[in-house]
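The structure appears below as structure tokens.
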Amino acid sequence: MLRKKEILAIPPLALPKREKGTEYAAAAAVVGDLLIVDIVGEAQRVRYACDGVNSIQAVSDEDGEDTVWSNCKIGTALGYRSYSRPAVTCSVQDSTLAYDFMDSHGVYHWRMDRRCLVSTLDGFCEQKNGEKQQKKWDNERALFQRLMALFPAYPADLYRWCEEKGVFGEEYLFISKKEKGKRWAKCSGCGARYKVTDGKHLRRTTCRRCGRDMTMIGEWYDLRLTARADVTICHKTEDNELLVRTVQVKREFSECKKTYATQDVCRVIYSKNRYGEPTIYSYALRSKMYCGLDWVRARNNDPFEYDGWIYPNNLREVFGDRMYNVDLQALSAAQGPFNMIGLLDELKNNPVAEYLFKLGLYRLCESGRICDVNEASGFGELLGINPQYKAMYRALDITYSEHAAIRWAKGYVHAEDMTALREAMAGDWPHQQMLDVLSTDTFSRVARYLVKQIALQREHFPKDRHIGGHVVIWLTDYWNICRGMDIALDDKAVRFPRDVKVSHDRLIHRKKVAQTAEEQAKMQRVVEEIYPRLVVPQSKKYTVVFPQTIVDFVREGEELDHCVGNGTYFREHIKGKSLIVFVRKIGAEEKALYTAQIDIENGRVQQIYGYKDSAAPQDARAFALKLAKSLLPERVAV
């Protein structure tokens, strides 16, 4: 047992004379069941005590005051970093005594040394810390295995429910090659099979039986059509512990045949810790460097939160008829993915969430951004919108981003416009960019334009699953460039171009051309006004070629494989901050040799390099230095 008062009451040990080049003197002794070590320097003293199981040390000044207790390594206690340690004078007998004491208690570490007292003490500390860390890892692993074992198998009807709910979004109509002028078509959604007279690979169509919009896929193409969706499934253990798992369900078509795969990406457990206190444990499957995927644990009571489609077929079994004053079985009517953990927290803590849930606004109440407003009386005042939207909100199960768009929009938002825009965006809704777009015109006009553009761009980029968000970003970026180039957006034809991608790319090209033209004009000034005043020094071996255009910089960088062509040196050159010259051999001026950067203000060579940044020889550097001296400010004003 290590008692601080008893440790300090032991008389100081007799110290050896400190040798030259050492900072401390040390002595060791076994007092009862303890190993006592005194380490004394000019300004600090350490009293170390160890019982073979634990260690402790008191660090104080030379008068024994301001004592600080710790159990770290000696070097760390004395202010040394990492594995560095102080130089200590200690007899071989005392070092051996400390080593044998540790050995008698079954302690051995590779750092321990009979000839070095500090290494022995630090080795004991490292071994005990390692044992504690290993015990901690073992406990965490045992907890992880216990918690993971609580999760049952996936529901048997999970895949069928995913298809019926339409969580994968895109569906396909597989068409065969023509036989007697007709094709066979098979719907991936409802499974119906019928004949069609026309069809084309990747053309948009509608299934005759289920009425869903889908894409035609030729059976003769071996395409692996993959779709993924996150589904949140709740379970309850026999001890009434709540389990919430988010599962990534993957659907793949190969040779027109459908296969599924599942993988948990997040698991949240509402359980109790070893002290019986309610605790939320959470694990998420994350990518680790060099290790692939592995489970990562969140802080207790601060779970990971994932959006997912709520699997509703066992909600009554898990939560009962009432939970937080609502029937969670109603979530079967939810029309998109949302955060189940956030929903439970909001229902528990926010009275507004209960009100919105009972209205059928499941995805809106889980956002946590609708706060309790005491002065609000009713739907309209609470959400800050026209009360006439209530039916539309309930029918469409509006999300918070859609709610913000409605509040931000100009004019009345009709349900058909919101439905068409939501279907076109396909769950990819960039929040801030969408608000910027809606601020320019009525919601109806903007929605129709975006739906049309998304359909157009989907034909160009059929494999882009985020084409809706890209269209919105292209449009806002297009407008920002227009404003920067003083292009008026008052005209609707300019504000809403026929093809937003083409107009966006064309405007970026014009911007680059304008910037290049402006820079080239500055370069022309350097060529016409500065170059004629430069005097190239006489040399039997070298001469100078002055760059004339930005292309010369790029070509020089490519031929010598260095960074002079990246644009930075060109801009410094035309601004007069430095001068870039090409050093050539006389008679071979067309062949790149060395590139020099010269500081005009002080007449020195900042750098001169050849192929792959190889150093230039001394005579080339001397030639460049003569050129630099001729460019001093009093000789040439740039």
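Everything numeric here is computed off the predicted structure, so don't read it as measured data. We use all heavy atoms of the structure for the numbers below, so side chains are in, but hydrogens, waters and symmetry mates are not.
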| query | When you check the side-chain N and O atoms of Q44 and Y24, is any donor under 3.5 Å from an acceptor? | reply | yes

| Is the shortest heavy-atom distance from the side chain of L117 to the side chain of D94 under 4.5 Å? | no

| What orientation do Y393 and H403 show, parallel under 30°, tilted 30 to 60°, or perpendicular over 60°? | perpendicular

| request: Decide yes or no for W309 and D230: does some side-chain heavy atom of the first lie under 4.5 Å from some side-chain heavy atom of the second? | output: no

| message | Restricting to side-chain contact (heavy atoms from CB on, under 4.5 Å), what partner residues turn up for E305, sequence neighbours left out? | response | N339, I341, D345

| field | D38 versus L15, closest heavy-atom pair with distance | value | O-CD2, 3.7 Å

| task | Looking only at non-hydrogen atoms, find the nearest pair between F338 and A334 and report the distance. | result | CE2-CB, 3.7 Å

| task | Please determine if E126 and K73 form a salt bridge, counting it only when a charged side-chain N lies under 4.0 Å from a carboxylate O. | result | yes

| field | R18 side chain vs E23 backbone, donor-acceptor pair below 3.5 Å | value | yes

| task | Just do the salt bridge (charged side-chain N to carboxylate O under 4.0 Å, His left out) check on D122 and R111 with the steps written out, would you? | result | CA-CA 7 Å; D122 286 352; R111 191 174 292 281; over 6 Å; no

| message | Using 0.5 Å steps for rounding, measure from the CD1 atom of I39 to the OG1 atom of T89. | response | 11.5 Å

| query | Mind checking whether C234 and M340 have side chains closer than 4.5 Å, heavy atoms only? | reply | yes

Side-chain donor-acceptor pairs of residues 264-272 under 3.5 Å, sequence neighbours excluded:
residue : atom : partner : partner atom : Å
D264    : OD1  : Y154    : OH           : 2.6
D264    : OD2  : R245    : NE           : 3.1
D264    : OD2  : R245    : NH2          : 3.0
D264    : OD2  : R267    : NE           : 2.5
D264    : OD2  : R267    : NH2          : 2.9
S271    : OG   : E241    : OE2          : 2.4

| said: Salt bridge or not between D138 and K135? Use side-chain N to carboxylate O under 4.0 Å. | reply: no

| Carboxylate-amine/guanidinium contact K136 E131, below 4.0 Å | no

| query | Under 3.5 Å, is there a donor-acceptor pair between the side chain of S188 and the main chain of Y172? | reply | yes

| request: May I ask you to decide if the ring planes of F357 and Y362 are parallel, tilted or perpendicular, using 30° and 60° as cut-offs? | output: perpendicular

| N-O pairing of R160 and E163 below 4.0 Å | no

| message | We want to know whether D157 and N313 form a side-chain donor-acceptor pair, criterion being a heavy-atom distance below 3.5 angstrom. | response | yes

